[in-house]
Structures are given as C-alpha cells and as structure tokens.
Amino acid sequence: MLNQGKIRVTNIQRLCVNDGPGVRTVIFLKGCYLCCPWCCNPESINYDSDYFFVKRKCLSDSNQKFCRQCEILAGNRNKQSCPIGVYEHTFRDYTEEELYYQIIRDKLIYESGGGVTFSGGEPLFQAASIKPLVQKLKSENIHVAVETSLYAPHDNLKELNPLIDYWLIDLKFQYGFITNSQYKIVNQFDNNLKSVMSVASSDKILFRMVLMNEALEHSVRIIENLKKYKISVIELLMYHSLAENKYRQLGISFKRFSSPEANGVSSFLSLLRDEGITASYAKI
Ligand code: SF4
Ligand code: SF4
C-alpha cells in the first residue's frame, strides 16, 4: 500500500543529459510492476522497505559489544537497527513540498531547455502521488518527462497522460524471449501505448530497448513486435552488469547477461534498416 501523502524516491540525479530533452533533474521513484532480470535499479522495484547491506562497514568479526545483540551473530536485535548504519535505506519519503523544493533548486536549467524526468522504478506506480506535483511543475512551465515501460494499470496512466511533455518508453519485447514467460499485464501495455500515442506526437516519444546477446538471438521476433506497434525509430541501450553490487547489497540473486557483440549488433541494425526502422545506439 502506498504511503499516502508521500512520494517515495530512491534517488535524485541532477545535470543528466540522456533522459529527455536538454539537461534534466531525474527523480527515481520506488515501485515497479515488473521485475526485469537485467534491471539496473533493483532497489527501485519493491515499493516496500528494503535495505542495502554495506558489508565493508559490518564489524561482526571484531567482537564489538553492540554486535553481540545483533541477529547476524544470533542475537535478538534486528540487523536493520544496526547502530552504525550498516543497513542503509534504499529510499526517502518526500512530501510534495519537499520534493518540489528539491526540483526547483535547478530552475535555471529548466529555463534553458531542460526539465524534470520521473524515472524509477515505474513512475506510473506512484501516478496518483506525483500528479499534484506534476500539475504544479506544469503551472510553472517546467518541462516534464516520464520514463516508463507502460506496464501499469491504465487508470494510473490516465492520471498523468495529459500532463506529460515527453515520454521515454522502455520496450520489453526481449523479456518473453529471454525468460520464456510473458508479463501478465500485456494488454495494459497495448492500451497504454495507444493512449500515449493519441495524445503525444511522435517527436514527443522516444522508444528505447535494452539489448544483450540473448535478445539478439531473437532479433526477427523483436522486429515483428516493433512493426506490430508501428515503431519506426528506436534507441538501443547496451546491456551492462554495473548493478551487480546493488543486487549483492540487497541480498537478491543477480542474473548476468552477455553484452552485445559488435557483429550481432550490426546484423540487428541492418535488419532494422531493411524494415525502415531507424535505430541509434547508446549506453545506459
Ligand atoms: S550490529 Fe551492525 S556492525 Fe554489528 S553485526 Fe550487526 S549489522 Fe554488523
Ligand atoms: S521496468 Fe524498469 S525499473 Fe521495472 S524492473 Fe524493469 S528495468 Fe527495472
């Protein structure tokens, strides 16, 4: 259940240049309906509390008095209550005003063609929570983008759809081929995409997809999906494994994919070209 009246944020990054037009402040929101095995922000998937365990800080080997009560050494005290902060919260809950204050600090960059991007996690997960803030930003002519998979309830999309200036849509066409399963809310993706396309012109939407070798093996079927949804321009994001340490700190298993090889990528680009799909290539 959402913390009413609060916006749950895992991170705020300033001066970003790959998350929409111009220089932007990116707000990473917590909570996602999906669980992509290549996710590079795993701390943003679970809305409910989780912690990073910073192992190098832990003094369990040094016979400290305060460690003796810790459950790590079979004591009674919850390890998340570590007095020296070995467990760090993955998020902070902001009121609308508090988050507005964080955003408005970068007002100058918004006046020179930049803006604010809500990312995550899945920003539509907290659509109702961020709507008043987005309305306030819009009333001050601040450009607002959302980075979403569109795998979210249609009602959540409706909260924000008319307010958003720019959409970064992370396609998940590789997911089913890699994991041999499909997301259950695929129909909502269809509906959501139709709704966004009915409101936003094509220059206000950037389609992106993470590419790994395992996805390239299914290039033809991925292209069939791009054609099915009439997607003619796409940015390919190269898979990396830089988030491995975060998975370790969260205590969840990390699945490693292989970075796309140059030959595979150029064959994929050539297949895309043959179908009239323009692709660019970027690092995440
Ligand atoms: S109290 Fe903190 S430092 Fe000590 S064992 Fe527990 S988590 Fe580690
Ligand atoms: S949709 Fe994005 S945030 Fe959610 S699990 Fe997938 S990669 Fe991570």
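Quick caveat, the model's predicted, so the values are computed rather than measured. Read the numbers this way: they start at 1 and go in the same order the structure lists the ligands and their atoms.
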Taking the six-membered ring for Trp and the single ring otherwise, decide whether the centroids of [X] and [Y] are under 6.0 Å apart.
X      : Y      : value
His89  : Tyr51  : yes
Tyr151 : Tyr33  : no
Phe189 : Tyr229 : yes

(message) Taking the six-membered ring of Phe66 as reference, does the cationic atom of Arg68 (NZ for Lys, CZ for Arg) lie under 6.0 Å from its centre and within 45° of its axis?
(response) no
(request) Report yes or no: is the cationic atom of Arg8 (NZ for Lys, CZ for Arg) under 6.0 Å from the centre of the six-membered ring of Tyr47, at an angle within 45° of the ring normal? (result) yes
(request) Supply the members, apart from Tyr166, of the Ile/Leu/Val/Met/Phe/Trp/Tyr cluster built from side-chain contacts under 4.5 Å; use none for a lone residue. (result) Leu168, Leu206
(message) Test question: given the 4.5 Å side-chain rule for I, L, V, M, F, W and Y, name all other residues clustered with Val199, or answer none.
(response) none
(request) Could you pull out all residues at least two apart from Lys79 that satisfy salt bridge (charged side-chain N to carboxylate O under 4.0 Å, His left out)? (result) none
(request) Around atom 1 (S) of ligand 1, find the nearest protein heavy atom and jot down its residue, atom name and distance. (result) Arg77 NH2, 3.3 Å
(message) Can you count the protein N/O/S atoms lying under 2.8 Å from atom 2 (Fe) of ligand 1, leaving waters out?
(response) 1
(message) I need the contact type for Cys32 against ligand 2. Using non-hydrogen atoms and a strict under-4.0 Å cut-off, is it side chain, backbone, both or neither?
(response) side chain
(message) Applying a heavy-atom cut-off of 4.0 Å, say which part of Lys172 lies close to ligand 2: side chain, backbone, both or neither.
(response) side chain
(message) For Ile45, state whether at least one heavy atom is located under 4.0 Å from any atom of ligand 2.
(response) yes
(request) Say whether Leu34 and ligand 2 are in contact under the criterion: heavy-atom distance to a ligand atom below 4.0 Å. (result) yes
(message) At a threshold of 2.8 Å, where the distance has to be below it, does atom 8 (Fe) of ligand 2 have an N, O or S atom of Cys35 nearby?
(response) no
(message) Are there over 12 heavy-atom neighbours, none belonging to Asp203, within less than 6.0 Å of that residue's CG?
(response) yes
(request) Give the numbers and elements of all ligand 2 atoms closer than 4.0 Å to a heavy atom of Gly121. (result) 3 (S)
(request) I would like to know whether Ser258 and Glu214 meet side-chain hydrogen bond (donor to acceptor under 3.5 Å, both in side chains); could you show each step before the answer? (result) CA-CA 7 Å; Ser258 25; Glu214 291 79 355; 3.0 Å; yes
(request) Select one of side chain, backbone, both or neither to describe which atoms of Gln64 lie under 4.0 Å from any atom of ligand 1, heavy atoms only. (result) neither
